Amino acid sequence: MTSIVIPAHNEGRVIGRLLDALLADTSVSGPDIVVVCNGCTDDTARVAAGRGDRVRVVEIPTPSKHQALRVGDEHAKGFPRLYVDADVVVGAADVRALVGALERNPELLAAAPGRDIPLAGCAWPVRAYYRVWQRLPAVREGLFGRGVIAVTEPGYERLAALPPLMADDLAASLAFGPGERRVVEAARVVVRPPRTWSDLIRRRVRAATSSAEFERYQAARRAEAPESVSERAPERAPEQAPEPVSEQTARTGTADLRALLWARPALLPGVVVFVVAALAARRGSRKAIRDQDFSTWLRDESSRQG
């Protein structure tokens with residue numbers, strides 16, 4: 001049985017639209033859905049429970065996404081397993097497309113849907129930023145920034161070995177090699193962006209801070225295991241499941257932006273906005289990185305309106 005785990009912290013305004021989309025298929029044999037309300041002080045649990053018996057609600061007192069995911073795993077019934085953020089929208093047909101891709105391709109351990117970002121109602125700099133961001137190679141090919149990841153049981157074991165990280169979706173994406181993960185464009189997820197420039201910067205500061213934490217984790221992994229994979233005994237190789245995390249990166253470089261401009265010169269204003277946002281995020285994240293504050297979650301509320 002397919003299981004869906006949804007960690008939710010004060011998502012009462014938006015979780016209903018996600019659950020309605022997942023429940024659009026009225027089959028009683030639909031996926032097992034577990035909502036883990038972590039540290040909620042709003043009506044998230046009530047809204048989720050109101051969707052009927054196909055949604056199981058678990059409440060924990062600690063506001064921790066990592067803990068919520070692990071508690072969700074304890075209650076989930078089967079595989080493939082999807083981890084879905086409460087503020088995105090993915091439908092029942094999209095879940096079936098992801099599950100089908102995993103079942104038809106035994107080499108795949110993880111899959112994510114194509115990303116739709118509705119920019120209507122967003123400030124011009126936000127629209128300009130996302131027109132560039134969506135075209136970056138790492139963004140197009142990675143499983144992060146989608147709010148949905150589907151894994152097989154071996155894929156779950158790979159994720160379960162990861163430590164708590166703010167950049168959980170980035171770490172999850174890079175835990176799999178290119179041949180083990182796939183973006184399934186036939187499946188779609190709606191990811192609502194921040195509507196204002198200030199909320200965009202808040203989100204990018206969070207991303208810069210979490211990326212710094214993830215890079216420290218990568219460096220620690222390399223220090224612990226300096227030998228290359230090829231130097232290890234063959235019988236040990238399967239045990240090094242999270243190894244791709246230490247070898248890959250999703251960082252955007254100036255070469256990526258130059259290539260984008262060469263192919264689409266009209267994107268120049270957007271590239272300027274992208275660079276300004278990146279610099280603002282770098283400056284805004286300095287204190288948190290210096291203090292090693294990798295737990296303060298800068299959340300934008302404008303994407304949760306409407």
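Not measured: the values here are computed from a predicted model.
- Between L69 and L159 there is no side-chain heavy-atom pair separated by less than 4.5 Å.
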Exercise for review: Could you give me the CA-CA distance, side-chain angles and deciding distance for V151 and Y83, then say whether side chain to side chain contact (heavy atoms under 4.5 Å, CB included) is met?
Suggested key: CA-CA 8 Å; V151 295; Y83 300 101; 3.9 Å; yes

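- A continuous path of Ile, Leu, Val, Met, Phe, Trp and Tyr side chains, each step under 4.5 Å between heavy atoms, connects V35 with V90, placing both in one hydrophobic cluster.
- For L102 against L109, the heavy-atom pair with the smallest separation is CD2-C, 4.1 Å.
- Counting heavy atoms from C-beta outward, D169 and R146 have side chains that stay 4.5 Å or more apart.
- The closest side-chain heavy-atom distance from D85 to E11 is not below 4.5 Å.
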Check your understanding: Between R140 and V183, is a side chain to side chain contact (heavy atoms under 4.5 Å, CB included) present by the stated rule, with each step listed?
Key -> CA-CA 8 Å; R140 287 188 285 105; V183 175; over 6 Å; no

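- F79 is not connected to V71 by any chain of hydrophobic side-chain contacts under 4.5 Å among Ile, Leu, Val, Met, Phe, Trp and Tyr, and they are in different clusters.
- Nearest heavy atoms, A112 versus L143: CB-CD2, 3.8 Å.
- When hydrophobic clusters are built by joining Ile, Leu, Val, Met, Phe, Trp and Tyr residues whose side-chain heavy atoms come closer than 4.5 Å, directly or via intermediates, V273 is grouped together with L268.
- V84 and I60 fall into different hydrophobic clusters, where Ile, Leu, Val, Met, Phe, Trp and Tyr residues are linked whenever their side-chain heavy atoms come under 4.5 Å apart, directly or through other members.
- A distance-only check finds no donor-acceptor pair linking the side chain of R56 to the backbone of D53 [under 3.5 Å].
- No side-chain donor-acceptor contact under 3.5 Å links S302 to the backbone of P194.
- In this structure, CD1 in I149 is found 6.5 Å from OG in S173, a value given to the nearest 0.5 Å.
- Counting non-hydrogen atoms of other residues, nucleotides and ligands closer than 6.0 Å to CZ of R51 gives a total above 12.
- Test I6, V55, D94, L82 against L22 for side chain to side chain contact (heavy atoms under 4.5 Å, CB included) and you get one pass: I6.
- Considering all non-hydrogen atoms of both residues, C40 and A8 come closest at SG-O, 3.2 Å.
- R115 places a side-chain N or O within 3.5 Å of a backbone atom of F144 that can act as its donor or acceptor partner.
- To the nearest 0.5 angstrom, I33 atom CD1 is 8.0 Å from L18 atom CG.
- A donor-acceptor pair is defined here as one N or O able to donate and one able to accept, closer than 3.5 Å; no such pair exists between the side chain of R192 and the backbone of S303.
- In terms of heavy atoms, A167 sits closest to E213 at N-OE1, 4.4 Å.
- From N105, atom CG reaches atom CD of E180 across 13.0 Å, with rounding to the nearest 0.5 Å.
- The distance from atom OG of S198 to atom CZ of R203, rounded to the nearest 0.5 Å, is 12.0 Å.
- Residues satisfying the side-chain hydrogen bond (donor to acceptor under 3.5 Å, both in side chains) criterion with R216, sequence neighbours excluded, are absent altogether.
- One hydrophobic cluster holds both L261 and V276 under the rule that ILVMFWY side chains link at heavy-atom gaps under 4.5 Å.
- Of all heavy-atom pairs between L165 and A171, the closest is CD1-CB, 3.7 Å.
- Two residues are said to be in side-chain contact when any heavy atoms from C-beta on lie closer than 4.5 Å; V190 and P118 meet this criterion.
- No donor-acceptor pair closer than 3.5 Å links the side chain of Q67 to the backbone N or O of T62.
- With Y156 as the aromatic partner, R81 meets the cation-pi criteria of under 6.0 angstrom to the ring centre and within 45 degrees of the ring axis.
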Practice item. Go through the steps to decide whether V88 and V14 satisfy the test side chain to side chain contact (heavy atoms under 4.5 Å, CB included), and finish with yes or no. Key: CA-CA 8 Å; V88 304; V14 296; over 6 Å; no

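- At distances below 3.5 Å, at least one donor-acceptor pair connects side-chain atoms of R135 with backbone N or O atoms of R131.
- Using bins of under 30°, 30° to 60° and over 60° for the plane-to-plane angle, the ring pair Y217/F214 lands in the tilted bin.
- A distance of 8.0 Å separates CD of E141 from CZ of R181, quoted to the nearest 0.5 Å.
- When atom types are taken as modelled, the side chain of D32 and the backbone of A76 share no donor-acceptor pair closer than 3.5 angstrom.
- Side-chain contact between V126 and T196 is absent, with no heavy atoms from C-beta onward closer than 4.5 Å.
- For the pair S285 (side chain) and V205 (backbone), a donor-acceptor distance under 3.5 Å is absent.
- Nearest heavy-atom pair, A281 versus A208, reported as atom, atom and distance to 0.1 Å: O-CB, 3.9 Å.
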Practice item. Verify side chain to side chain contact (heavy atoms under 4.5 Å, CB included) between Y130 and V191, making sure each step is shown before the conclusion. Key: CA-CA 12 Å; Y130 277 102; V191 181; over 6 Å; no

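- Ring orientation note: the planes of F274 and Y129 are close to parallel, at an angle under 30° on the 30°/60° scale.
- Proximity of a side-chain donor or acceptor of D42 to a complementary backbone N or O of T44 within less than 3.5 Å is detected.
- Looking at D73 and R70, a side-chain N of the basic residue comes within less than 4.0 Å of a carboxylate O on the acidic one, giving a salt bridge.
- Here the side chains of P31 and R54 are in contact, with some heavy-atom distance below 4.5 Å.
- Salt bridge status for D291 with K287: present, with a side-chain N to carboxylate O gap under 4.0 Å.
- Looking only at side-chain heavy atoms (C-beta outward), E103 and V99 come within less than 4.5 Å of each other.
- The shortest side-chain heavy-atom distance between L200 and P193 does not fall under the 4.5 Å cut-off.
- Distance check, rounded to the nearest 0.5 Å: SG of C37 to CD1 of I15 gives 6.0 Å.
- Here the side chain of R182 pairs no donor or acceptor atom with the backbone of L108 at under 3.5 angstrom.
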